[in-house]
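Single-structure report; data block below.
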Amino acid sequence: MLLGLDSKQVKPIRLPEPPSPHFGGGVPDIFETGFSGAIRRAVVIGNGFPAAENQCLGLVRALGLADNHLFYRVTRPRGGVNEWLHWLPVSLHKKLVYLIRQIILLTASLSRSNKLAPLPLENGGSGAVGLASVLEADVHQIVTIARQSYDKDGPLLVVASGRDTISIASSIKRLASQNVFVVQIQHPRSNLNRFDLVITPHHDYYPLTPHAQEKVPRFLRSWITPREPPDRHVVLTVGALHQIDSAALRSAASAWHDEFAPLPKPLLVVNIGGPTRHCRYGADLAKQLTAYLLSVLQSCGSVRISFSDRTPEKVSNIVAKELGNNPKVYIWDGEEPNPNMGHLAWADAFVVTADSVSLISEACSTGKPVYLMGAERCTWKLSEFHKSLSERGVVRPFTGSEDISESWSYPPLNDTAEAARRVHEAVAERGWRLRP
């Protein structure tokens, strides 16, 4: 007898059976993935370089996890002798710096000097902006989070970018393979099976092309990476991932309306990066750029110029000297807020120095005219990147003879959204799904 009811009147309760996969109404989430099969949070591992970290944040945003992620960073000692040690793996670099510090301290102690020799700066020194608010990447801490919270919160998405993050991300995958899905952005050069997915630009495979092989002496070819074509878990993009899409541009257009709407049209935005190993330039390019800009100024209503952290002072000084007093020209002084989003939303055309894959990729996501400055100075895979964009009709060389008021367009690059789609597919193959 239960609470005064006749036991003969109480019928057994039957739990519903999982619906047939052929049932037209679909399968409820609880039967499809179980409680632990949904990825609802992410860990981002950066390397201290904005361009690389922006790729991670762009992917996480496209996956709907922008508001539910932890940000970690792999830091290297900087300053002094450290600038010559960046080719070493991070762990070895830090151990060597520790040894150097101990030797310096011991030497100072033995000499009874009252003034210690300057020590190498650690963890980025004063140049690591915002470092105090960023967690230092710790393999065991992240693995512990993934394991202990798996039953309650499901699998953990790990997104990393840059050479210095490879050992951290691969170790997390090795130690918690049943609890994490690891995405490595930018090619790790070898042993791709250390990750669940690798996202990298198509031009990273330029060394495998016949054209590239002709440029490398035969005895050195085995040292050039990558050595094998991409396999099924490599996602190839045209350019770099980022946080720019139509929704972000609409939001930026609204946020920057009061500053940009009154500007005379057309608005030409000029983004200047800095020389790299495969794209070398200096004052000569700055002089050429300013001459070209003066030539097109008549067809512009307004010109806004931005420099990056990599822009050499001699380059920025030349540009400021030649154009800084022109009433049509505004040069951003580097102070916050950064107008980059406003530039992308309100510009009618862009001029971008050819060295920066990130700056070019962001501009090409708008569908607006993009002119490259200095592409002829670039070599190796960077030149291949420019070639692929040119063949798609996405970029044109900047010659100084353009009429900026004459617009042209193309299908915007959509690499981040495509990469996110491939992540969804790969996660599904693991029997999981992304649920922001």
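Taking the six-membered ring wherever Trp is involved, the centroid distance between the rings of Phe260 and His343 falls below 6.0 Å.
Residue pairs meeting the disulfide bond (SG atoms under 2.5 Å apart) criterion with at least one partner in residues 195-239, sequence neighbours excluded, are absent. Applying the salt bridge (Lys or Arg N to Asp or Glu O under 4.0 Å) test to every pair with at least one member in residues 361-381, sequence neighbours left out, gives these pairs: Asp204-Lys381, Asp284-Arg377. Applying the salt bridge (Lys or Arg N to Asp or Glu O under 4.0 Å) test to pairs two or more places apart or on separate chains, those with a residue in residues 248-260 are Glu259-Arg304. Evaluation of the disulfide bond (SG atoms under 2.5 Å apart) test over residues 343-393, restricted to residues two or more places apart or in two chains, returns Cys279-Cys378. Sorted by first and then second residue, the salt bridge (Lys or Arg N to Asp or Glu O under 4.0 Å) pairs with a member in residues 346-357 read Lys265-Asp348, Arg310-Asp355; sequence neighbours excluded.
For NZ of Lys287, the number of neighbouring non-hydrogen atoms (other residues, nucleotides, ligands) closer than 6.0 Å is 12 at most.
The disulfide bond (SG atoms under 2.5 Å apart) search around Cys56 returns none, not counting sequence neighbours. Considering only residues two or more places apart in sequence or on other chains, Arg61 meets the salt bridge (charged side-chain N to carboxylate O under 4.0 Å, His left out) condition with Asp245. Partners of Tyr72 according to the ring-ring contact (aromatic ring centres under 6.0 Å, His included) rule, which considers only residues two or more places apart in sequence or in another chain, do not exist here. The side-chain hydrogen bond (donor to acceptor under 3.5 Å, both in side chains) check on Asn317 picks up nothing, with sequence neighbours excluded. Applying the side-chain contact (heavy atoms from CB on, under 4.5 Å) test to Pro207 and every residue at least two apart in sequence or in another chain returns Ile224, Pro226, Trp380. Tyr281 meets the ring-ring contact (aromatic ring centres under 6.0 Å, His included) test with no other residue; sequence neighbours excluded. Residues satisfying the side-chain contact (heavy atoms from CB on, under 4.5 Å) test with Pro217, not counting sequence neighbours, are Phe219, Leu220.
The pair Glu425-Arg421 counts as a salt bridge, with a side-chain nitrogen and a carboxylate oxygen less than 4.0 angstrom apart.
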